[in-house]
Visitor: 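Okay, here's the structure, questions in a sec.
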Protein chains: 2
Amino acid sequence: MTTRTDNDHAETGAERISDAEHAVMEALWKRSPQTAAEVCESVCKERGWSIPTVKTLLSRLVQKGALATQPDGRRYLYTPLIARSAYVGTESKRLVERLFGGRAAPLFAHLAQAEALSEDDIAEIERLLREMKK
Amino acid sequence: MTTRTDNDHAETGAERISDAEHAVMEALWKRSPQTAAEVCESVCKERGWSIPTVKTLLSRLVQKGALATQPDGRRYLYTPLIARSAYVGTESKRLVERLFGGRAAPLFAHLAQAEALSEDDIAEIERLLREMKK
DNA sequence: GCATTCAGATTACAGGCGTAATCGTACTGC
DNA sequence: GCAGTACGATTACGCCTGTAATCTGAATGC
């Protein structure tokens, strides 16, 4: 197993990152590199997983090109190959495409109706709108 | 098979509507009631499906409580039991929870960065913001 | 009446996913 | 040196999903 350096691999292909895999990615985005045991310390309690589960997910993510491995003695240190922001952006756009015909305003309208927007959210969105108009 | 009347059933439980199932729902949200053959006319060409596929998906959606059946001779007319807006709202919130810690503004920021916001989007969001401040 | 068609019900199968257990090997501690 | 531990690799298995084929019975057309 060699260390991979292709940063966009998982996000340009058809490989999806599953929900469970995503939880592992979040732990590694938060702090990396980490060993499998360390990742398990991060997520196993709140997810109710054991170490074999984490190791499987790590291995799948490596296969999908989402993680790089770096030998450290007999174990690996795992590092994300995709930026969280790239993943988040792709998932956001995917939702907008799937449910809103590619337009973001209806998504916003839905969130507004659902009262999912706090006053802070509104202030921040207004600020972003002002910046976009420059 | 009886006609169901529980409108929130699929969205309050753990049943997810899969991507393929969602395509069927969209056809029925667009126009319902429809027979299986009619649904297939709507989606089979663009999805590359055949009638057995559509019939399976319809049956699964009925099992999940997302569709109601209405006998029409020997065939069924299918009708959504969940509103599109409810489904869309749930999926939107799910994404926000999963990727943005429940806050909508960062989602908006991501879409803005990705240039996924048109001028029309911006104008409409501004209008909605004004309404929300009333 | 019989053959054909139609429609829902049932079955099929491969791959993905979730959550592991198990295997094989190397390392560590006594 | 040996037993225990740790680690990645491999295997396991049930459920879900995608995309059907097939079965069964009723309706239709000739």
Side-chain angles (χ1 to χ4, degrees), chain A residues 1-4 10 13-28 33-79 91 98, chain B residues 1-4 10 13-28 33-79 91 98:
Chain A
M1 180 67 75
T2 58
T3 304
R4 297 183 182 227
E15 315 252 54
R16 291 290 313 278
I17 289 173
S18 68
D19 283 352
E21 287 160 359
H22 170 242
V24 169
M25 291 302 295
E26 286 286 354
L28 287 165
Q34 277 191 68
T35 64
E38 284 166 344
V39 172
C40 189
E41 275 175 39
S42 299
V43 302
C44 283
K45 194 164 182 185
E46 75 186 68
R47 301 284 306 207
W49 291 342
S50 55
I51 187 68
T53 300
V54 170
K55 287 199 270 189
T56 302
L57 296 172
L58 286 167
S59 179
R60 283 180 186 166
L61 284 164
V62 170
Q63 284 295 312
K64 289 179 177 180
L67 291 181
T69 54
Q70 187 181 4
D72 176 46
R74 65 175 165 167
R75 63 194 182 174
Y76 288 144
L77 294 173
Y78 295 92
T79 302
E91 292 292 300
R98 185 165 73 93
Chain B
M1 180 66 76
T2 58
T3 303
R4 295 181 185 232
E15 315 252 53
R16 292 292 312 280
I17 288 173
S18 69
D19 282 353
E21 288 160 357
H22 170 242
V24 169
M25 292 302 294
E26 286 287 355
L28 288 165
Q34 278 192 64
T35 63
E38 286 167 341
V39 173
C40 190
E41 275 176 37
S42 299
V43 301
C44 285
K45 195 165 181 182
E46 75 186 68
R47 300 285 305 209
W49 290 341
S50 54
I51 187 68
T53 300
V54 170
K55 287 198 271 189
T56 301
L57 296 172
L58 287 166
S59 179
R60 284 180 186 168
L61 284 163
V62 170
Q63 284 294 313
K64 288 179 177 180
L67 292 181
T69 55
Q70 187 180 3
D72 175 45
R74 63 175 167 169
R75 63 193 180 175
Y76 288 144
L77 295 173
Y78 296 92
T79 302
E91 291 292 299
R98 183 165 75 94

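First the proteins, then the strands, lettered A, B, ... as listed; each starts at 1.
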Visitor: Nearest 0.5 Å, what's the CG-CG distance between B:Leu67 and B:Leu28?
Guide: 5.5 Å
Visitor: Using atom CG of A:Leu77 as one end and atom P of D:dC7 as the other, report the distance to the nearest whole Å.
Guide: 11 Å
Visitor: Think A:Ser18 has a side-chain N or O under 4.0 angstrom from the OP1 or OP2 of C:dG18?
Guide: yes
Visitor: Tell me, which pairs form a disulfide (SG to SG under 2.5 Å) where one or both residues lie in residues 49-78 of chain B, sequence neighbours left out?
Guide: none
Visitor: Separation of B:Gln63 atom CD from D:dC16 atom P, in whole Å?
Guide: 12 Å
Visitor: When the distance from NE2 of A:His22 to P of C:dG18 is rounded to whole Å, what number comes out?
Guide: 12 Å
Visitor: Tell me: CZ of A:Arg75 to C1' of C:dC27, nearest whole Å?
Guide: 12 Å
Visitor: Using a 3.5 Å cut-off and no angle test, enumerate the donor-acceptor pairs between side-chain atoms of residues 47-59 of chain A and protein atoms at least two apart in sequence or in another chain.
Guide:
unit_1	atom_1	unit_2	atom_2	d
A:Thr56	OG1	A:Pro52	O	2.9

Visitor: Specify the separation, in whole Å, of atom CG of B:Leu58 and atom P of D:dT17.
Guide: 15 Å
Visitor: Calculate, to the nearest 0.5 Å, the distance between atoms CZ and CD belonging to A:Arg98 and B:Glu26 respectively.
Guide: 8.5 Å
Visitor: Between P on D:dG18 and CG on B:Leu61, what's the gap in Å once rounded to a whole number?
Guide: 10 Å
Visitor: Within this structure, what is the CG-OG1 distance for the pair B:Leu77 and B:Thr69, rounded to the nearest 0.5 Å?
Guide: 9.5 Å
Visitor: Please determine whether a side-chain nitrogen or oxygen atom of A:Tyr78 lies at a distance below 4.0 Å from atom OP1 or OP2 of D:dG8.
Guide: yes
Visitor: Report the distance from atom CG of A:Leu67 to atom C1' of D:dG8, rounded to the nearest whole Å.
Guide: 14 Å
Visitor: Is the phosphate of C:dA9 approached by B:Tyr76 (side-chain N or O, under 4.0 Å from OP1 or OP2)?
Guide: yes
Visitor: Along nucleotides 19-30 of chain D, 5' to 3', which nucleotides get a B, which get an S, and which get a -, given that the test is a protein heavy-atom distance under 4.0 Å?
Guide: BBB----BS---
Visitor: Apply the side chain to side chain contact (heavy atoms under 4.5 Å, CB included) test between B:Arg16 and each candidate in B:Glu21, B:Glu91, B:Lys64; give the one that qualifies.
Guide: B:Glu91
Visitor: Under the 3.5 angstrom rule, does the side chain of A:Gln34 hit a backbone N or O of A:Ala27 as a donor-acceptor pair?
Guide: yes
Visitor: Rounded to the nearest angstrom, tell me the gap between atom CD1 in B:Ile51 and atom C1' in C:dT5.
Guide: 13 Å
